[in-house]
Amino acid sequence: MKVSVDEDKCCGAGSCVLAAPDVFDQRDEDGVVVLLDPEPAEHLHAAVREAADVCPAAAILLGDRA
Amino acid sequence: MALGDTDHVLDYPIPSPAALEPPAEWAELRQGCPVAHVRLPSGDRASLLTRYDDVKQVLADPRFTRNLDAPDAARIAANESGGVFNSGLGNALPEEYHQQWRRMVGKWFTAKRMTALRPGIEAMAEHLVDEMVAGGAPADLKAALGFPLPVWVICDMLGVPESDRDKFAYWSNTLLSLTRYTQAEIDAAQAEFAAYMSAHIAATRANPGDDLISELITAAVDAGHVMPAEALLATSQGLLVAGHETTANMIGKMVGMLLSDRTRWEALLADPTLVRTAVEEALRADANPGFGIPRYITEDAEIGGTVIPRGTTVVCNLAAANRDEDVFADAAELDLARTPNTHLAFGAGAHSCLGQSLARTELQAVLDVLLRRLPTLELAVPAAELERVDGLVVGGLQELPVRW
Ligand code: HEM
Ligand code: HEM
Ligand code: SF4
């Protein structure tokens, strides 16, 4: 799984951090998403999918292991 | 006659059969009339959206805003100005500055910050539960816990004294009036609210602390720019209102839903790790979130298979969308473990709720504390006797009588 984020779209609501704290964080200055791990381990995939699903701005993109 | 025929105009909001239940019309509209003609409390017309995909599409489209200040936009509320959605609060911040504003204010609401606030929120919840218990059963959980907790949190964040909370409650109710208050009452209350907040902002400018308002002032000064007084006023009034009414009501509705079928409460007692998903499910299943979210359509747009002409005011019924069977399996049932739960209770897109991490943290903290401290909690009246708050843009229960 490959994860990417679109900082311009991000509205800083932090839902991704609540769902998958090992993979997402937010910048202290403005709350914009920080991707901690673009290729998360298998056991985190469900949480990452949930984060992408609940992101209100559709700012989290998931790709297959290319 | 089918609901929503062109010559059939529904009055909106649609009355509900019971405090925690949705009106039967929602399912019929989703099925047969996803873009329905409705008459608002003001008498003006609008189009009502009830399907998940349509609601999400409109909310996420940056061309459509909630600034209902165009001459042909519908007025919402029964009083002359049309209520909060037609007021200056929503308009003090031009759309161009919106993202900048979100990012300035957003740093106060990051998930990390909420995790740091959580022990304080739980301690306050414990304290309020102690006081409720000391007062003896039955008690109104809304007055004892649901209301004071979020007010305390937001007052602390804004640096305003919590002792003024009765004033805030009145000001905020008048601002959120659909039908309850007259224009004169609303104007008088809003003038007082603005004067109170302006004085607080002036005092904060002179003597900054470590609250949100102080930091916004400093950040703008650092950027070589005086934060416009109007924008600061709108921000602080907006946060005070957004920060307490919605969450206060949601605490009451969530606990009400969980106790109305006590097997739900017992499932949580047996497995408290369900608290996080249970909070999301309560947000999804909330059949009484209030008016819904309006949007002014600025360009012709295809929505739900029809073209909605520019100049239309649409109302997105988030609660009806959250019960759409095409998106949520067994949508009418409460599934405390539902994952993922892509409900729209906080809206969607660039304007989605800025305070959602805070709201989630408060709801989770309340539930954790109640399960721990009052495992025997139950409703003190039959669920069918719970009554709704009426005549406001936000929905809630009048009271939540409980015993333990
Ligand atoms: C009525 C609403 C507002 C208006 C008309 C307005 C106007 C402006 C203008 C014209 C600038 C550019 C100034 C310059 O470059 O010298 C600016 C910059 C700025 N504004 Fe506002 N503003 C508004 C609301 C806000 C709000 C609500 C915030 C923060 C919460 C804010 C924070 C800032 C900051 C930090 C800058 C400097 C940005 C930078 O230099 O990168 N403003 N504003
Ligand atoms: C359960 C509690 C809450 C619910 C259900 C809720 C719901 C919503 C919804 C649906 C919107 C979107 C409005 C739109 O699209 O026009 C919104 C926006 C907003 N909410 Fe909340 N909210 C809650 C709690 C809070 C809290 C605790 C705060 C802050 C302290 C807050 C601050 C805001 C702000 C500032 C906006 C406007 C965001 C923008 O326009 O960029 N809300 N809320
Ligand atoms: S959930 Fe989406 S919008 Fe919110 S912080 Fe994460 S990436 Fe940004």
Side-chain angles (χ1 to χ4, degrees), chain A, chain B residues 55-57 59-62 98-118 215-216 219 222-223 275-277 279-280 283-284 318 327-328 337-361 363-364:
Chain A
M1 175 189 271
K2 275 212 159 69
V3 186
S4 59
V5 294
D6 183 337
E7 292 188 6
D8 279 340
K9 274 196 187 168
C10 172
C11 67
S15 316
C16 53
V17 187
L18 294 178
D22 295 329
V23 180
F24 303 100
D25 197 356
Q26 285 172 285
R27 287 203 299 248
D28 287 333
E29 315 87 78
D30 55 12
V32 169
V33 62
V34 176
L35 183 58
L36 300 175
D37 183 356
E39 291 186 49
E42 194 80 34
H43 72 281
L44 296 170
H45 288 188
V48 172
R49 257 184 225 107
E50 186 186 347
D53 282 338
V54 299
C55 172
I60 299 172
L61 302 170
L62 302 184
D64 288 332
R65 185 184 303 277
Chain B
V55 165
K56 190 163 181 176
Q57 180 197 336
L59 290 179
D61 191 326
H98 176 259
Q99 196 187 49
Q100 188 185 0
W101 173 87
R102 283 267 320 199
R103 292 190 170 175
M104 290 281 308
V105 180
K107 66 180 274 192
W108 283 81
F109 294 96
T110 61
K112 209 188 300 168
R113 201 145 187 155
M114 294 310 128
T115 310
L117 282 182
R118 181 152 176 163
E215 194 157 315
L216 288 181
D222 290 349
V275 163
R276 187 176 76 91
T277 48
V279 164
E280 298 307 313
L283 286 160
R284 183 189 72 82
L318 307 180
V327 178
F328 300 99
R338 197 184 288 274
T339 318
N341 193 337
T342 57
H343 66 74
L344 299 173
F346 293 115
H351 287 272
S352 75
C353 182
L354 177 73
Q356 54 187 289
S357 297
L358 176 59
R360 289 189 161 101
T361 303
L363 291 165
Q364 291 172 12

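Since the structure is predicted, the reported quantities are computational estimates derived from the model, not experimental observations. We use all heavy atoms of the structure for the numbers below, so side chains are in, but hydrogens, waters and symmetry mates are not. Letters go in sequence order (proteins before strands), and every chain restarts at 1.
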What are the two closest heavy atoms between Ala111(B) and Leu18(A), and how far apart are they? CB-CD2, 3.9 Å
Using a cut-off of under 4.5 Å on heavy-atom pairs, state which of His343(B), Arg113(B), Met114(B), Arg276(B) scores highest against chain A. Arg276(B)
Polar contact flag, side-chain donor to acceptor under 3.5 angstrom, Ser15(A)-Gln356(B): yes
Please report the closest heavy-atom contact between Asn341(B) and Val54(A), naming both atoms and the distance. O-CG1, 3.8 Å
Listed once per pair and sorted, the salt bridge (charged side-chain N to carboxylate O under 4.0 Å, His left out) pairs that draw on residues 341-350 of chain B, sequence neighbours left out: none
Given heavy-atom pairs under 4.5 angstrom as the criterion, report whether the side chain, backbone, both or neither of Ser357(B) touches chain A. both
Quick one: what part of Glu29(A) sits under 4.5 Å from any heavy atom of chain B, side chain, backbone, both or neither? backbone
Which bit of Ala348(B) is near chain A, if near means a heavy-atom gap under 4.5 Å: side chain, backbone, both or neither? both
What heavy-atom pair brings Ala13(A) and Cys353(B) nearest, and what distance separates the two atoms? CB-O, 4.2 Å
For each of Gly355(B), Gly106(B), Gly349(B), Ala60(B), tally heavy-atom pairs with chain A at distances under 4.5 Å, and name the one with the top tally. Gly349(B)
Applying salt bridge (charged side-chain N to carboxylate O under 4.0 Å, His left out) as the test, list every pair that has at least one member in residues 344-358 of chain B; sequence neighbours left out. none
Just do the side chain to side chain contact (heavy atoms under 4.5 Å, CB included) check on Val17(A) and Lys112(B) with the steps written out, would you? CA-CA 8 Å; Val17(A) 187; Lys112(B) 209 188 300 168; 5.9 Å; no
